[in-house]
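Shown next, in structure tokens, is the structure this report addresses.
The model shown is predicted, which means the values in this text are computed figures rather than measured ones. Positions are given from 1, in the same order as the sequence printed here.
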Amino acid sequence: MAGNQDQFEIKFRLTDGSDIGPKSFPAATSIATLKESVLAQWPKDKENGPRTIKDVKLISAGKILENNRTVGECQSPLCDTPDTVTTMHVVVQHPATEKEKKAASKATQNKCMCIIL
């Protein structure tokens, strides 16, 4: 892992292909802190931006990063080369409203399933 590196250069790629950053973060920075940084730097002209860090998912090396982990714990061995910028993908997922939850619940109740062994 990234034991000897104290700082990581990270940029955040949004779904439209634009970026936030890069910015330097200490290895001990939590993923929740990264999400707060994304929230603070979110472009004001973009619609449907995140309202809280619960709306933000960060993906690095194909894995969704957990809030309680640190940047140092989440780095892949491929990112350990010096002077590189790590790209984390940002997905905004707003919580479902009560109306959406009821519609999803109704849809699953009316399904028929067959299992062939």
Side-chain angles (χ1 to χ4, degrees):
M1 291 298 237
N4 294 339
Q5 284 185 319
D6 294 325
Q7 297 283 330
F8 290 99
E9 287 290 319
I10 300 173
K11 71 177 174 180
F12 302 97
R13 174 82 28 103
L14 307 180
T15 55
D16 66 356
S18 62
D19 293 329
I20 296 174
K23 188 176 176 186
S24 186
F25 293 95
T29 304
S30 72
I31 299 303
T33 302
L34 291 183
K35 289 180 178 184
E36 289 171 358
S37 177
V38 167
L39 201 61
Q41 297 177 22
W42 192 267
K44 302 300 180 210
D45 60 338
K46 303 235 184 270
E47 293 181 17
N48 296 326
R51 288 176 247 137
T52 67
I53 65 168
K54 291 181 180 180
D55 296 345
V56 178
K57 293 196 184 305
L58 294 180
I59 301 171
S60 180
K63 295 181 182 178
I64 297 175
L65 305 180
E66 300 171 20
N67 287 347
N68 60 347
R69 307 281 308 266
T70 65
V71 173
E73 293 173 336
C74 294
Q75 291 301 311
S76 90
L78 300 174
C79 300
D80 286 346
T81 56
D83 301 323
T84 60
V85 176
T86 301
T87 301
M88 292 188 178
H89 294 269
V90 179
V91 176
V92 177
Q93 186 175 21
H94 296 289
T97 63
E98 285 300 317
K99 188 176 182 179
E100 291 170 340
K101 287 179 186 177
K102 286 180 182 178
S105 175
K106 237 181 218 183
T108 57
Q109 290 174 353
N110 296 333
K111 287 188 178 178
C112 177
M113 295 176 47
C114 297
I115 299 174
I116 300 173
L117 299 175

Exercise for the section: Tell me, with the steps shown, if Met88 and Ile59 meet side-chain contact (heavy atoms from CB on, under 4.5 Å). Expected result: CA-CA 6 Å; Met88 292 188 178; Ile59 301 171; over 6 Å; no
Report yes if the side chains of [X] and [Y] come closer than 4.5 Å at any heavy-atom pair, otherwise no.
{"X": "Thr29", "Y": "Thr70", "answer": "no"}
{"X": "Val71", "Y": "Ile10", "answer": "yes"}
{"X": "Ile20", "Y": "Lys11", "answer": "no"}
{"X": "Gln7", "Y": "Pro26", "answer": "yes"}

Exercise for the section: Applying side-chain contact (heavy atoms from CB on, under 4.5 Å), run through Leu34 and Leu58 and close with a yes or a no. Expected result: CA-CA 9 Å; Leu34 291 183; Leu58 294 180; 3.8 Å; yes
Practice task
Supply the atom-to-atom distance Thr87 OG1 to Arg13 CZ, rounded to the nearest 0.5 angstrom.
Solution key: 5.5 Å
Exercise for the section: Report the distance from atom CD of Glu36 to atom CD1 of Ile31, rounding to the nearest 0.5 Å. Expected result: 12.0 Å
Practice task
Verify side-chain contact (heavy atoms from CB on, under 4.5 Å) between Val92 and Trp42, making sure each step is shown before the conclusion.
Solution key: CA-CA 11 Å; Val92 177; Trp42 192 267; 3.6 Å; yes
Handout entry: side chain to side chain contact (heavy atoms under 4.5 Å, CB included) against Asp16, all qualifying residues, sequence neighbours excluded
Key = Leu14, Ser18, Lys46
Handout entry: For Arg51, side chain to side chain contact (heavy atoms under 4.5 Å, CB included) partners two or more places apart
Key = Asp55, His94
Shortest non-hydrogen contact from [X] toward [Y]:
{"X": "Ser24", "Y": "Glu9", "answer": "CB-OE2, 3.1 Å"}
{"X": "Ala27", "Y": "Phe8", "answer": "CB-CE1, 3.5 Å"}
{"X": "Asn67", "Y": "Lys35", "answer": "OD1-NZ, 2.7 Å"}

Could you work out, with side chain to side chain donor-acceptor pair (under 3.5 Å) as the rule, every residue matching [X], not counting sequence neighbours?
{"X": "Lys57", "value": "none"}
{"X": "Glu66", "value": "none"}
{"X": "Ser37", "value": "Gln41"}

Problem - Side-chain cluster (under 4.5 Å, hydrophobic types only) that Leu39 belongs to, other residues - result: Ile53
Practice task
Under the side-chain contact (heavy atoms from CB on, under 4.5 Å) rule, what do Thr86 and Ser60 come out as? Steps first, then yes or no, please.
Solution key: CA-CA 8 Å; Thr86 301; Ser60 180; 4.2 Å; yes
